[in-house]
Amino acid sequence: MSQTLHQLAAQAAQLQQALAGAADSMEQYEYNLQGIQRCAEQIAKCVKMVGNNRTAALSARDTRKVMDQLEAATNELMELLVK
């Protein structure tokens, strides 16, 4: 009987560790998801600014700034997708 209780306690400890690991993984997933959404919004904003022919053309300096933001958002998105 005591051996069974010790086995049960060991299984409970393993379950607790597994649940803690799952919680950590879910927390990282949620963080990555927020980052991916933020990057996607930034990319959409940049593409709209550069590709919108109905508005006045962006100056060369503004175009470089938008393209820099687009590149940064793309790089961050790629990092988040790897994690």
Side-chain angles (χ1 to χ4, degrees):
M1 177 83 168
S2 66
Q3 185 177 5
T4 304
L5 290 175
H6 285 293
Q7 288 174 343
L8 186 59
Q11 288 175 348
Q14 290 174 345
L15 179 59
Q16 183 180 14
Q17 289 176 347
L19 287 173
D24 290 342
S25 294
M26 183 57 71
E27 189 174 298
Q28 185 65 41
Y29 171 78
E30 289 172 350
Y31 172 77
N32 288 353
L33 184 59
Q34 290 173 357
I36 289 168
Q37 288 172 337
R38 184 180 66 249
C39 290
E41 290 169 0
Q42 183 67 34
I43 290 169
K45 177 183 170 188
C46 291
V47 169
K48 185 175 181 181
M49 288 174 61
V50 171
N52 192 348
N53 292 329
R54 292 174 294 198
T55 61
L58 292 173
S59 68
R61 188 188 72 162
D62 289 341
T63 300
R64 286 191 303 271
K65 181 179 176 185
V66 169
M67 293 305 286
D68 184 50
Q69 291 175 354
L70 181 60
E71 183 180 0
T74 304
N75 289 339
E76 183 180 352
L77 179 62
M78 294 304 288
E79 289 175 13
L80 290 168
L81 290 174
V82 170
K83 293 180 181 180

Next on the checklist: Walk me through whether Q28 and D24 qualify under side chain to side chain donor-acceptor pair (under 3.5 Å).
Outcome noted: CA-CA 6 Å; Q28 185 65 41; D24 290 342; over 6 Å; no
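- A donor atom on one side chain and an acceptor atom on the other are not found under 3.5 Å apart for N75 and E79.
- Side-chain contact between L8 and T4 is absent, with no heavy-atom pair separated by less than 4.5 Å.
- Criterion: ILVMFWY side-chain heavy atoms under 4.5 Å apart, direct or through other members. Under it, L33 and L81 are not part of a common hydrophobic cluster.
- Both L77 and M67 belong to a common hydrophobic cluster when Ile, Leu, Val, Met, Phe, Trp and Tyr are linked at side-chain heavy-atom distances under 4.5 angstrom.
- Note that OG of S25 and CD of E30 are 11.0 Å apart. Values are rounded to the nearest 0.5 Å.
- Note: T63 OG1 to L70 CG = 12.0 Å, rounded to the nearest 0.5 Å.
- Atom CG of L80 is separated from atom CD of Q37 by 11.0 Å, given to the nearest 0.5 angstrom.
- The shortest distance between side-chain heavy atoms of D68 and K65 does not fall below 4.5 Å.
- Here CD of Q7 is found 7.0 Å from CD of Q11. Values are rounded to the nearest 0.5 Å.
- Atom CD1 of I43 is separated from atom CZ of R38 by 11.0 Å, given to the nearest 0.5 angstrom.
- Counting all heavy atoms, side chain and backbone alike, C39 lies closest to A73 at SG-O, 3.5 Å.
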